[in-house]
Amino acid sequence: MASEIRSLVEHEKAVRSEEKTLKDLQQKSGNQFPGSDYHRQDRKNWMNGLNPHRIPINKIIWPGTHDSATNEIGIPDITRPFAQCQSLSIYDQLVLGTRVLDIRVQEDRRVCHGILLSYSIDVVLNDIKKFISETTSEIIILEIRTEFGHQDPPEFDNYLVSQLSELLIHQDDQVFEKTVAELLPKRVICVWKPSKSPPPKSGDPLWSSAYLKDNWIDTDLPWTKFQSNMKYLSEQPPAATRKFFYRVENTVTPQANNPDVIVKSVTWRIHPYARLFISQCSKDYRDRLQIFSSDFIDEDFVDACVGFTFAKIEGNA
């Protein structure tokens with residue numbers, strides 16, 4: 001028992017030390033980067049506002065959400081705080097400016113996070129279709145995966161194609177070199193990552209896991225995660241030359257060996273430092289940052305991503 005208590009105390013010290021390191025770096029370096037003062041009132045139509053003919057797919061800093069469909073996960077006030085990573089619905093996230101969604105499913109097509117369940121995938125798809133019906137030029141990257149430890153929904157690839165049919169941008173390496181306008185009226189890049197079922201093939205309506213990569217590490221230490229994100233990003237080829245999307249997540253994850261296992265309080269250790277991360281990237285890795293995702297996404301996070309995108313389009317980054 002004494003050793004367990006010591007371990008908890010030492011871990012808490014490490015958390016506070018790493019939070020201070022981030023705070024000190026922010027005070028020293030600031031949050032300024034090309035486009036950091038950009039703010040758009042109509043976040044629902046930000047791609048249209050930047051002019052779809054001027055936005056190459058490989059220059060976009062895509063604002064994304066981690067575990068996107070967890071706003072109604074589990075039981076309110078009981079299990080929900082241990083798994084909820086977003087408070088907004090999928091539709092509201094898209095209206096806010098989110099353009100990359102991370103959806104986890106189990107065999108019965110219900111959204112899940114670990115063992116906790118939420119609504120049917122139909123809710124996600126209906127929200128996407130509603131948003132698309134209200135906009136003209138917004139492209140969405142929809143990642144759907146079978147949650148770890150669960151079975152693939154039967155015939156799920158065919159189901160996704162039938163539901164999104166005319167909206168789907170088919171798997172094609174040339175997409176990365178095109179502008180948003182050149183992809184329209186198609187609107188959704190759907191990446192399907194099954195557990196055991198055959199993955200999508202070249203040219204299919206759905207995209208395989210090879211087209212959306214990341215290097216996720218399981219930690220609740222914010223500076224450790226910040227450094228890891230920067231390290232792995234530095235090892236990627238420039239976005240203009242790669243034929244896949246690369247994601248960085250401004251999140252940390254509750255750990256069983258720490259008394260705080262509430263997602264929101266833990267992820268807030270790194271949540272305020274999204275602009276700091278973009279600022280640091282703008283110095284050395286401005287050509288590599290692409291998808292940037294967050295728990296509990298907000299307007300400031302979206303504005304930071306869109307602002308840096310605007311600067312890249314204008315040739316200022």
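Position 1 is the first residue of the sequence; numbering continues from there. All values below were derived from every heavy atom in this structure, side-chain atoms included, with hydrogens, water molecules and symmetry-related copies excluded.
- Using a 4.5 Å heavy-atom cutoff, the side chains of Phe245 and Ile189 are in contact.
- A parallel orientation is assigned to the rings of Trp223 and Phe226, their planes being inclined by less than 30° (bins at 30° and 60°).
- For the pair Ala83 and Val263, the tightest heavy-atom approach, listed with the atom from each and the gap, is N-CG2, 3.9 Å.
- Asp260 contributes a side-chain N or O that, together with a main-chain N or O of Ile262, makes up a donor-acceptor pair within less than 3.5 Å.
- Within a 6.0 Å radius of NZ in Lys23, no more than 12 heavy atoms belonging to other residues, nucleotides or ligands are found.
- A donor-acceptor pair is defined here as one N or O able to donate and one able to accept, closer than 3.5 Å; such a pair exists between the side chain of Arg99 and the backbone of Leu94.
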Under the criterion salt bridge (Lys or Arg N to Asp or Glu O under 4.0 Å), I'd like the reasoning laid out for Lys312 against Asp287: C-alpha separation, chi angles, the key distance, then a yes or no. CA-CA 9 Å; Lys312 288 170 75 69; Asp287 61 345; over 6 Å; no
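- Within a 6.0 Å sphere centred on CD1 of Ile115, heavy atoms belonging to other residues, nucleotides or ligands number 12 at most.
- Minimum heavy-atom separation, Trp46 to Pro63: CZ2-CD, 3.8 Å.
- In this structure, a donor-acceptor pair under 3.5 Å is absent between the side chains of Ser208 and Gln171.
- Partners of Glu10 under the side-chain contact (heavy atoms from CB on, under 4.5 Å) rule, at least two apart in sequence or in another chain, are Lys13.
- Under the 4.5 Å side-chain heavy-atom criterion for grouping Ile, Leu, Val, Met, Phe, Trp and Tyr, Val188 is not connected to Met47 through any hydrophobic cluster.
- Side-chain contact between Ile291 and Glu143: absent, with no pair of heavy atoms (C-beta onward) separated by less than 4.5 Å.
- Although no hydrogens or angles enter the test, the distance criterion places no donor-acceptor pair under 3.5 Å between the side chain of Asn250 and the main chain of Ser294.
- Among Leu117, Ile103, Thr70, the single residue meeting the side-chain contact (heavy atoms from CB on, under 4.5 Å) criterion with Cys112 is Leu117.
- Between Trp207 and Tyr211, the ring planes are perpendicular. Angles over 60° get that label, and only those under 30° would be called parallel.
- Shown here for Lys231 and Ser234, the closest heavy-atom pair between the two residues is O-OG, 2.5 Å.
- Using a 4.5 Å heavy-atom cutoff, the side chains of Asn126 and Tyr91 are not in contact.
- Within the 3.5 Å criterion, the main-chain N or O of Glu138 finds a donor-acceptor partner in the side chain of Arg187.
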Any chance you could lay out the side-chain contact (heavy atoms from CB on, under 4.5 Å) test for Leu22 and Arg269, step after step, and finish with the verdict? CA-CA 9 Å; Leu22 277 173; Arg269 298 170 185 171; over 6 Å; no
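- With Arg247 contributing its side chain and Val100 its backbone, the two residues share no donor-acceptor pair below 3.5 Å.
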side-chain contact (heavy atoms from CB on, under 4.5 Å) between Glu19 and Val15, worked out: CA-CA 6 Å; Glu19 287 180 317; Val15 169; 4.1 Å; yes
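- Salt-bridge annotation for Arg43 and Asp303: present, with a side-chain N of the basic residue lying under 4.0 Å from a carboxylate O of the acidic one.
- Using a 4.5 Å heavy-atom cutoff, the side chains of Ser137 and Leu184 are in contact.
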Report the C-alpha distance between Gln163 and Lys129 in whole Å, list the side-chain angles of each, state the deciding distance to 0.1 Å, and finish with yes or no for side-chain contact (heavy atoms from CB on, under 4.5 Å). CA-CA 9 Å; Gln163 290 297 306; Lys129 287 187 278 190; 3.3 Å; yes
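- Below 30°, between 30° and 60°, or above 60°: for His66 and His113 the angle between ring planes is above 60°, a perpendicular geometry.
- Between Arg104 and Phe148 the shortest side-chain heavy-atom distance does not fall below 4.5 Å.
- Here the side chains of Leu276 and Asn31 are in contact, with some heavy-atom distance below 4.5 Å.
- Of the charged side-chain nitrogens involved, none lies within less than 4.0 Å of a carboxylate oxygen, so that Lys59 and Glu314 do not count as a salt-bridged pair.
- A donor-acceptor pair under 3.5 Å links the side-chain atoms of His150 to the main chain of Gly114, judged by distance alone.
- Panel note: side chain Gln93, backbone Leu88; a donor-acceptor pair is recorded below 3.5 Å.
- No continuous path of ILVMFWY side-chain contacts below 4.5 Å connects Ile73 to Val124, so the two sit in separate hydrophobic clusters.
- A centroid separation of 6.0 Å or more is found between the aromatic rings of Phe308 and Phe292.
- Remark: the Asp152 side chain and the Thr146 side chain contain an N/O donor-acceptor pair separated by less than 3.5 Å.
- Every pair passing side chain to side chain donor-acceptor pair (under 3.5 Å) that includes a residue from residues 236-245 is listed here, sequence neighbours excluded: Glu177-Lys243, Arg242-Gln290.
- Ile278 and Leu96 fall within a single hydrophobic cluster, where Ile, Leu, Val, Met, Phe, Trp and Tyr are joined by side-chain heavy atoms under 4.5 Å apart, directly or via other members.
- Under the 4.5 Å side-chain criterion, counting only non-hydrogen atoms from C-beta, Asp172 is in contact with Lys178.
- Considering OG1 of Thr309 and CD1 of Ile61, their distance stands at 5.0 Å, rounded to 0.5 Å.
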Would you check, one step at a time, whether the test side-chain contact (heavy atoms from CB on, under 4.5 Å) holds for Ile132 with Ile140? CA-CA 9 Å; Ile132 286 177; Ile140 298 167; 4.1 Å; yes
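- The closest donor-acceptor contact from the side chain of Gln84 to the backbone of Pro81 lies at 3.5 Å or more, if one exists at all.
- In terms of heavy-atom proximity, Ser282 sits nearest to Pro34 at CB-CD, 3.9 Å.
- A distance of 6.0 Å or more separates the ring centres of Phe296 and Phe301.
- Cluster annotation: Leu50 is connected to Leu183 through the hydrophobic network of ILVMFWY side chains, with a link wherever side-chain heavy atoms come within less than 4.5 Å.
- Note that NE2 of His271 and CG of Asp300 are 9.0 Å apart. Values are rounded to the nearest 0.5 Å.
- Between the side chains of Asp214 and Tyr232, no donor-acceptor pair of N or O atoms lies under 3.5 Å.
- Side-chain atoms of Phe33 and Lys283, non-hydrogen and from C-beta on, never get closer than 4.5 Å to each other.
- Here the side chain of Asn258 pairs no donor or acceptor atom with the backbone of Gln255 at under 3.5 angstrom.
- In this structure, the separation between CD on Glu72 and CZ on Arg80 is 6.0 Å, given to the nearest 0.5 Å.
- Screening Val191, Leu125, Ile90 against Leu142 for a side-chain contact (heavy atoms from CB on, under 4.5 Å) leaves a single residue, Leu125.
- Atom CG of Asp102 sits about 9.0 Å away from atom CD of Gln86, to the nearest 0.5 Å.
- For Glu249 (side chain) and Trp216 (main-chain N/O), no donor-acceptor pair under 3.5 Å exists by modelled atom type.
- Distance check, rounded to the nearest 0.5 Å: NZ of Lys186 to OG of Ser165 gives 8.0 Å.
- Atom CD1 of Ile121 and atom CD1 of Ile144 lie 4.0 Å apart (nearest 0.5 Å).
- No continuous path of ILVMFWY side-chain contacts below 4.5 Å connects Val261 to Ile217, so the two sit in separate hydrophobic clusters.
- Evaluation of the side-chain hydrogen bond (donor to acceptor under 3.5 Å, both in side chains) rule for Thr21 yields no partner, not counting sequence neighbours.
- Closest of all the heavy-atom pairs between Leu164 and Cys190 is CD1-SG, 4.4 Å.
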